[in-house]
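First the proteins, then the strands, lettered A, B, ... as listed; each starts at 1.
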Amino acid sequence: MATERIKSEITGTVWKILLAEGDAIQVESELMILESMKMEIPVESAVSGRIQSILVAPGDAVDEDQDLAIIEID
Amino acid sequence: MKAAVLREQNKPMEIEEVQISKPGPREVLVRPIAAGVCHSDLHFLDGSYPYMLPTILGHESAGVVEEVGKDVTYVKKGDHVITCLSAFCGHCNKCLTGHLSLCQSPEVSRAPEVESRLSIGGETVHQFLNLSSFAELMLIHEHALVKVREDMPMDRAALIGCSTTTGVGAVFHTAGVEPGSIVAVIGCGGVGLAAINGAAIAGASMVIAVDMVDSKLELAKAVGATHTINARSGNAVGEVLELTKGGCDYTFEAIGLKATAEQAFQMLCSGGTATIIGMIPVGTMVELHGVDFLMEKKIQGSNMGSNRFRIDMPRFVDFYLSGKLHLDQMISKHIKLADVNTALNALKSGEEARHVIMFDQ
Ligand SMILES: NC(=O)c1ccc[n+]([C@@H]2O[C@H](COP(=O)([O-])OP(=O)(O)OC[C@H]3O[C@@H](n4cnc5c(N)ncnc54)[C@H](O)[C@@H]3O)[C@@H](O)[C@H]2O)c1
Ligand SMILES: [Zn+2]
Ligand SMILES: [Zn+2]
């Protein structure tokens, strides 16, 4: 099955994870919130499918371009 | 309380009734009297910077303390304050080494699992940069405000909350402009005009203002520019190099574009430093000629003027009251909260300086 990796656009910290592994996800739906320089930045999915794995946990530091989750594409 | 709520990018904000929580131990409830409209608000409205929605934009304000949390001793009800998005924790590595504006500690926000500061009918409204000042009340961390003199007019004080601190601070703190330096500032909005004014205060021998709007260049002269260049000519870099006979010691980009950030670097003399203040859209790359590094040209970012705002802002108030900081000229219009969409639209054309919302008292 084809998968898609969701990457961070920015360096920051994982603030809150809004969905769980196994959940269905739609294009543009929000998966988690990152905090960077006092901004609450949404991480959105570019594809529709099911969340295969979430690779980070709340409080984790993330770098620009780092993989945050893997989505199984519908 | 009423606030301008942004529910969808690129859609007008609507004035809605919003619930605001009670101050936690280290929080302060502030009644804003004035709030400036900054181009950064527009970047989040148009999505060039993503943000959690719904939110309430606005991050440049001054007001009066309404209520304080039980552990707050720094301010009391009735104190006049300016807010700042550079809320500092006071004990991380950045804070303890004097770089308060780079503090990333999340503890100045409410933790995600507790009741949010702002909500509508139980739905979280995401606080913008720990402030959200397009609202009749603000609930903020005590480290997101500074007490100021009561003879400071609130509309001018609001500007100090972002544009002054950002522009003047970039000159004083980030770049450290010395007297006699040659300076160019690209973009003469609220932030660029503040950088021009700051360069004049710092004693720059030449302050070149670059913009595409003639009325902005006139304003630039009124706040300290010695020379102006209209970038519509398409050759701003060439004109700066000719005027300075070889380039600037310091340049400042105050727009947020790849092209003008690159121009800021190209306008430098050997050993010069370009400081990028403008918010360049997420994902955009900036290109430089590698050979220029042999001439020790430098490029750096600046966040909120590398401020220590509890020290800086009262000084900027004094600068205004003693006639050095020309905030009167930087306000082009006073508006009502309901007109905030018009003010944000006006920023797109670049024709006007700051619009300041005045709240009914
Ligand atoms: N780094 C920070 O901490 C920080 C803080 C505040 C604002 N900002 C950013 O600073 C930038 C400026 O903010 P502002 O509120 O002063 O904006 P503004 O819209 O008031 O001013 C921008 C000015 O740039 C001019 N301009 C536009 N394109 C130009 C071009 N190609 N060449 C020359 N001039 C041009 C416009 O005519 C206008 O006068 C924005 O990107 C804003 O987000 C950054
Ligand atoms: Zn701003
Ligand atoms: Zn800190």
Side-chain angles (χ1 to χ4, degrees), chain A residues 3-71 73, chain B residues 8-9 40 43-44 47-57 59 83-89 92 94 99-114 116-118 124-132 140-141 143-144 162 279-285 301-304:
Chain A
T3 59
E4 168 93 5
R5 286 169 179 267
I6 301 186
K7 290 177 182 293
S8 175
E9 284 188 305
I10 202 154
T11 301
T13 310
V14 179
W15 180 243
K16 190 174 184 179
I17 296 182
L18 305 167
L19 296 172
E21 289 179 358
D23 283 356
I25 190 165
Q26 313 302 324
V27 175
E28 284 185 14
S29 48
E30 284 149 3
L31 168 64
M32 62 181 80
I33 308 174
L34 301 181
E35 223 239 358
S36 176
M37 294 314 296
K38 317 290 181 195
M39 302 183 280
E40 281 184 49
I41 299 166
V43 175
E44 295 178 353
S45 179
V47 296
S48 292
R50 191 162 299 279
I51 302 171
Q52 186 185 77
S53 50
I54 294 179
L55 307 168
V56 291
D60 284 0
V62 297
D63 291 322
E64 189 180 325
D65 258 353
Q66 181 176 331
D67 291 341
L68 302 174
I70 302 173
I71 311 293
I73 303 174
Chain B
E8 216 179 315
Q9 275 159 358
S40 302
H43 291 313
F44 289 94
S48 56
Y49 276 75
Y51 209 86
M52 285 302 293
L53 300 178
T55 189
I56 297 165
L57 298 175
H59 62 278
T83 64
C84 184
L85 70 88
S86 303
F88 55 93
C89 75
C92 69
K94 296 293 177 193
H99 303 100
L100 281 79
S101 58
L102 296 179
C103 175
Q104 292 251 35
S105 169
E107 66 184 62
V108 294
S109 317
R110 279 200 183 171
E113 55 282 2
V114 303
S116 58
R117 288 178 180 149
L118 303 167
T124 296
V125 173
H126 297 270
Q127 194 173 33
F128 181 58
L129 308 172
N130 293 306
L131 295 176
S132 284
I140 62 181
H141 192 276
H143 284 176
C162 177
M279 291 179 61
I280 298 173
V282 179
T284 301
M285 306 292 276
S302 179
N303 189 294
M304 292 299 291

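- The closest side-chain heavy-atom distance from B/I140 to B/Q127 is below 4.5 Å.
- Heavy-atom neighbours of A/E28 CD from other residues, nucleotides or ligands within 6.0 Å: at or below the threshold of 12.
- Heavy atoms closer than 4.5 Å to chain B are found in the side chain of A/E30, but not in its backbone.
- Residue B/T55: no heavy atom, backbone or side chain, is found under 4.5 Å from chain A.
- For a residue to count as touching a neighbouring chain, one of its non-hydrogen atoms must lie under 4.5 Å from one of that chain's; by this rule B/F44 touches chain A with the side chain only.
- The heavy-atom pair separating A/L31 from A/A69 by the smallest distance is CD2-CB, 3.5 Å.
- Both the backbone and the side chain of B/L102 come within contact range of chain A, judged by heavy atoms closer than 4.5 Å.
- Between chain B and the residues A/E44, A/M37, A/E64, A/E35, the largest count of heavy-atom pairs under 4.5 Å involves A/M37.
- For A/I17, no part sits under 4.5 Å from any heavy atom of chain B, backbone or side chain.
- Each of B/P50, B/S109, B/S101 has some count of heavy-atom pairs under 4.5 Å with chain A, and the biggest count is that of B/P50.
- The side chain to side chain contact (heavy atoms under 4.5 Å, CB included) with B/F88 is formed by just one residue from the set B/H141, B/H143, B/H99; it is B/H143.
- The shortest distance between side-chain heavy atoms of B/P281 and B/H43 does not fall below 4.5 Å.
- Counting heavy-atom neighbours within 6.0 Å of B/K94 NZ, excluding the residue itself, gives a total of 12 or less.
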